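Source: prediction; values computed, not measured.
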Amino acid sequence: SEKAPTGGGATTDDDVIKIGVFEPITGANAAGGALEVEGAQLANKLYPEVLGKKVELVIADNKSDVVEAASAAARLVERDKVVAIIGSWGSSYSMAAGDIVRNQKVPAVAASATNPLVTLDNDFYFRVCFLDPFQGTVMANYAYNNLGARKVAIIREVNNDYAVGLAKFFEDAFVELTGDANAILEVTNYNTGDQDFSSQLLNISQKNPDVIFAPGNFTESALIIKQAKQLGIDIPFIGGDTWETPEFIDIGQQDVEGAVFSTFFTSEVPITSESEIFLKEYRAQYGKEPAAVTALGYDAYLVILDAIERAGSTDPEKIRDEIAKTKNFPGAAGIITLDENGDAVKSAVIKVVRNGEFVYLDTIEPIE
Amino acid sequence: MLKIENLCVAYGYVEALKGITLNVEEGKIVTLIGANGAGKSTTLKAIVGLAKAKSGSITYQGKNLLQEETKNMVRNGITLVPEGRRVFSNLSVLENLKIGAFYRKDTKKIEEDLEWIYELFPKLKERTWQQAGTLSGGEQQMLAVGRALMSRPKLLMMDEPSLGLAPLIVKEIFNIIKEIHKQGVTILLIEQNANAALKIADEAYVLETGTITIKGTGSELLKDDEIKKAYLGESHG
Amino acid sequence: MKKRDIILTIISISVLILFLMFANSRFDSYQIRILNLCAIYTILGLSMNLINGFTGLFSLGHAGFMAIGAYVTALLTMPAAVKNQNFFLQPIVPWLENVTVPFLPALLIGGIMAAILAFIIGAPVLRLRGDYLAIATLGFSEIIRIVFTNTQNITNGALGLKSIPNTTNLWWSFGLAALTIIFMLSLINSSYGKALKAIREDEIAAESMGIGLFRHKMLAFVIGAFFAGVGGGLLGNLLGAINPVMFRFILTFNVLLIIVLGGMGSITGTVISAFVVTSGLEYLRVLDESINLGFVRLPGIPGLRMVVFSSLLMIVVIFFRNGLMGTNEFSWDGLFALLRKRPSFLKREVGR
Amino acid sequence: MSFSLFMQHLTNGISLGSLYALIAIGYTMVYGILRLINFAHGEIFMMSLYFAFYGVAIFAMPWYVSFIVTVIITCMLGMLVERAAYKTLRDSPRITVMVSAIGASFFLQNLAVVLFGGRPKAFPTVQIFTDVIKIGTVSLQRLTLIIPVATIMLLYSLLYLVNKTKTGMAMRAVSKDHETARLMGVDVNRTITITFGIGSILAAFGGIMWGMKFPQIQPFMGVMPGLKCFIAAVIGGVGNIYGAVIGGFILGIGEIMLVAMLPQLTGYRDAFAFVLLIVILLLKPTGIMGEKISEKV
Amino acid sequence: MELLNTSNITMKFGGLTAVKELNLEINKGEIVALIGPNGAGKTTAFNMITGVYAPTSGRIFLGESDITGAKPHLITKKGLARTFQNIRLFKELSVLDNVFIANHLHLKSNIFEAVLHLPRYKKEKKSILEKSLFLLEKLDLLSFKEDKAKNLPYGMQRRLEIARALATNPQILLLDEPAAGMNPRETDNLTSFIKDIRDEFELTIFLIEHHMSVVMGISDRIYVLDHGVTIAVGNPYEIQNDQRVIEAYLGVSEDA
Ligand SMILES: Nc1ncnc2c1ncn2[C@@H]1O[C@H](COP(=O)(O)OP(=O)(O)OP(=O)(O)O)[C@@H](O)[C@H]1O
Ligand SMILES: Nc1ncnc2c1ncn2[C@@H]1O[C@H](COP(=O)(O)OP(=O)(O)OP(=O)(O)O)[C@@H](O)[C@H]1O
Ligand SMILES: [Mg+2]
Ligand SMILES: [Mg+2]
């Protein structure tokens, strides 16, 4: 259409290449969004140029809202003429942008959106993290093998697609491991923003599960674990990657000690040389330990940059083709190889809260 | 006591008062009569600051009233019995009376005045605890007058106090007005019942579409043919 | 209508059609999306104005009706394969799996479902008055959302629906918006519309004049819900992805805002306001992003846009209590009178 | 269900209910006087938590100093909100005021995002209140005992204020007719400001206790409690202070018991408040304790 | 022929009996007045008859049909219309619309016909418009037809309320203190006006009034209530000389 006459690049300004960062900066998921933005910005600072041109990040707030998300994505593509997009935290926002990037033929690389639907049937959406089914399996294995659990209860955030998905994948994996159709004693629900979970917890505790799996946001999860302790419930809690934020510990304090979860990356065991650069620079700039999703935001930027380099062009479609070919790319959060769906095949990391810190426990390799 | 000069009031584009001049002397009963919409209520509202004057002046005991806020009027001794009763429907009869004395601090005297009101309106005493909103129209009117008296006004202004009242009560209200007047209260009265009003008035003004057309003593106006024709009707006078 | 007015109206409509043709071929998808949203919000605003502005019912349940319309339309237009892909956690109920109908009937069914629900809800809640009605309808809209979150095998729960066919385009949205405007104008000026206004003015008097309160309130409520459902369906098939969280109270509030700013009880006001608010919100997006002034870069402050937006809103509400148009409507006579009185107005409009 | 388990549920319900009650009173106060759903009440509540947080975390005040300062600042904030969003709209159509109220609520939410950031913060807890004690088989925080007592105490002071004092009488008069109240010498603006101040103080009390029980604060945390407590007020009969407390308890205990008795309905827990609201309104359109408003024709 | 008939209607508000066992019989073509001290229960009686309140006990008949406890709009459809003690016009609507709306109850077209302007609706609309204009003309309100009702002078508003009530095609018209707020002169005009409309529209009129000049001037019969109890029924002459009525209501005759 209109783009054709300008030739190869969609950028209007020849000196800069624009990459969109499509994240929830405000609203319910602002915390997660901010972490990914940090990663992308750090990467941009370290690698500000490609093809001899300056790379500029254009940050668009999807306001943790699906309608806004679609508009924000459209705006990035059409008004800002970005050549690629990073994001978003929260699979539903990525899904809302899915049609736009596909129709406008601009590639998007999600950092931490783990819902299978994000990339499914969409040639223009990629991600640098693993998927919920894998994460569910990892945690089910951990509960079964390491904690010796045979009966589990689940408390999930029912209006959060991530939590609902992860709970289901965990359930399937755990039932298969135990061969016991009743291995999941109970699945109980709560809503985003709830603060009282006492009755759900008491109900669960009556069934005496070995472990409680609580996929959901760190905010509610920290409160859940805290309230369980206050009610005298002494059952181990395990969860997913969203727990890995400083607030999880701030809010949960001594009560979240011993909580175990899976995540993408650990700073204790740098995986690649890129990890070391990332860690060094991040600590220097922010004076704290990075979250996994920050590393993923960083990686998403690098993958795009690498693709532009290989394409030797700023034509979004050519960039897409190169992103799709990404193989054994050394990112900060591990080696990235994208499969035919555009999903990264990677290892997962297990961490535990110990003495007010997230401590590395184990690495789980991808299942082939 | 109260002097109004060249007062103009407008609601948006509607000019309700087009420069009226009016004088209320201490200790008198002054009445304002006129057709519906002539601007009678507006005059009273302007005095207490509920309607904004566009130009002109209102002075009360030498003080410029246009600068005063409505809430300070009772302190100055000016009380208005508003058109349409406006009792506090969610308050009891007793509380309505008490709120009439809101600014007063002399608790003892308030109690005495309460008794006085109950003497004037025995009906109200029967209904001390009833919510004012459920009183009948006439009862509410009595309550509104009683409430105003509780502030011990020097100048009592009443906007159509006989509206919707039974003949017996109308007579009673006029007797009460005379009674209050005897106790030294100056009265500015608006009435549709021009006949009765003129009978007790020392001084009367006729208002027509925002201007004063006739003024005189009550008895003068009662005899005026034009007034008879326009306001008193054939079956009267 | 005067002959002059008919001609002017025909000219305006033709100009609008030409504009849409132009927009379709020359505007980028972002601009087209905003235009689509404007038209959809016009429909939503008008439907809410019928209930709140013209009938005086304080209803805050719009997001619920929109949710019904959006889900029904989406589920009816998605091909079976897409549905199966969406429902990967728990399969969709069989009776929904294979039904696929064209867009227009799907929209209509969406609207009708919303209307049926309004009818069921209305029977009990329309007996309530004022704030109580407001809070009860708000409650129903939340209940709808919570039910949609929990009915995994019908709505896909929290996962929402994606890959909904992007059928909504300028012709659909503007076409339906125009039909809605015509419908509302005709309704409001009919005897039924006047009866609704009478209810708004004074329920007791209206009832004493022989107007059945319940029946007429229900009429407004159900018709409003129908158009809200249609608007919701258009919105869902514009976005391509919906989920229950999207239909929170804030969505109702956005629509409420449009009608209050435009003038409760004014169709013209609602239309203008829908366009101004929808595009205005997009313009304000600048505030959240960093601004490059050439020599310095001002960092964007996330959230500032909404702060500015809500202050603007409050200022407008405080200083223009009756909104842009009050209860007045556009007429050619009125426009000419305005132009004659204030020639500068014309200049400003043309200058832009 | 065993007796001890039931008691544990009940205790949790009472403690949640009394928190709801506390905030609901604030709604009811303002509604009673202004006939206005103060949508910003939930946000004033949220702001009070931030004030307390900053008092302790940034200004390193001891918790009791910080809490007192919080109550004062929140009170002022409430009065400020009244000035900005409501005062100028005294005689506007209801719906306009409602929109302004919702606008004020969004404004405060987003202001909080800008000022405090969107990420949640941990509310400073006070050991003596949050320690867990055991009574029989029931384990509870000390706070759980304190909250209902505080609620009941505040309830009675308020009842006294509204029904027995001159200020209270002025409040009730203002609620019906501003002009006439003014004629009687009542300072209407001052009365309304006081009402908002008191409502906000209650929000601050509620906020502080809420924060200690659920030590997590973020800019949008006022929305759900705000909505639920308003519902509690309506259930009880909005405008009626007793009603607010009763409504709060019914809602708190009801929510907990719903989940306790019917675990399969946990996903619908938030709907409970709305369903209850609608059921009560249908049975008794002005709430349990609400005055009957039969319009006299 | 009896048009309106109540048998022992009683209305209690909590402990208060506002109206006790009221028996009215109003014949076609009559003008009947209901008087009594403030708070006697007159308006309450109206409210029961028009369906605003459902009586605590007793039955109300309009012609043949029992209208006890029926909804107000259904009672209006049966041919009973009223005005209010405190004027209740549709304030923001035009004078013409106020009257137009009162015809809505007889509209046969459904909403689709109305929205689509189908022939039946067009025809009905035309006749409603003609009838409304005719009424406005009859009541001397035609020159105000485009004005908002709230902008009319008070006396006109009262007249408009009557015009609106007439537009519902009533057999019987209930007027609650039509002369309130009018000066004696205007009151005189009202008296002849009520008689005129009775004749012109073949109405039966039932009114509440405190102005004795009106009541005594036009009533065929008068009911007197006191504390909810009927203390007298009779023609104006009888009532004026009834000792109980004088004591409770009229006072010693002077002028009213
Ligand atoms: N709030 C208002 N807004 C607009 N116009 C008003 C308002 N109040 C009164 N008016 C107009 O001002 C004029 C004077 O009204 P006012 O109430 O003073 O009359 P009045 O002499 O007291 O009549 P009445 O005998 O009916 O009480 C009228 O034309 C009236 O319509
Ligand atoms: N809704 C109600 N609730 C409680 N009491 C009521 C209600 N309506 C009327 N009353 C009471 O019933 C009695 C009769 O009232 P009503 O209005 O019928 O009197 P009325 O005869 O019309 O008097 P008026 O001539 O003053 O208008 C009064 O004592 C009044 O307080
Ligand atoms: Mg007047
Ligand atoms: Mg009466």
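Remark: the S59(C) side chain and the N52(C) side chain contain no N/O donor-acceptor pair separated by less than 3.5 Å.
The pair D140(E)-R159(E) fails the salt-bridge criterion, with no side-chain N (NZ, NE, NH1 or NH2) lying under 4.0 Å from an Asp/Glu carboxylate O.
Using a 4.5 Å cut-off between heavy atoms, L185(C) makes no contact with chain E at all. Both the backbone and the side chain of A114(E) come within contact range of chain C, judged by heavy atoms closer than 4.5 Å. Only the side chain of I223(C) comes within contact range of chain E, with at least one heavy atom under 4.5 Å from a heavy atom of that chain. Neither the backbone nor the side chain of H106(E) comes within less than 4.5 Å of any heavy atom of chain C.
With ring centers used as reference points, F13(E) lies under 6.0 Å from Y53(E).
Interface remark: of the candidates L93(E), T168(E), L80(E), L93(E) forms the most heavy-atom pairs closer than 4.5 Å to chain C. With chain C as partner, the option from L107(E), T83(E), T50(E), L74(E) having the largest number of non-hydrogen pairs under 4.5 angstrom is L107(E). When each of L105(E), N103(E), V115(E) is scored by its heavy-atom pairs under 4.5 Å with chain C, the top score falls to V115(E). With chain E as the partner, the residue from S186(C), S191(C), S190(C) showing the most heavy-atom pairs under 4.5 Å is S191(C).
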Between T204(E) and L173(E), is the side-chain contact (heavy atoms from CB on, under 4.5 Å) condition met? List the steps.
CA-CA 6 Å; T204(E) 305; L173(E) 181 61; over 6 Å; no
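Here the closest non-hydrogen pair linking G69(E) and A54(E) is CA-CB, 4.2 Å.
Partner of F221(C) under the ring-ring contact (aromatic ring centres under 6.0 Å, His included) criterion, chosen from F58(C), F226(C), F65(C): F65(C).
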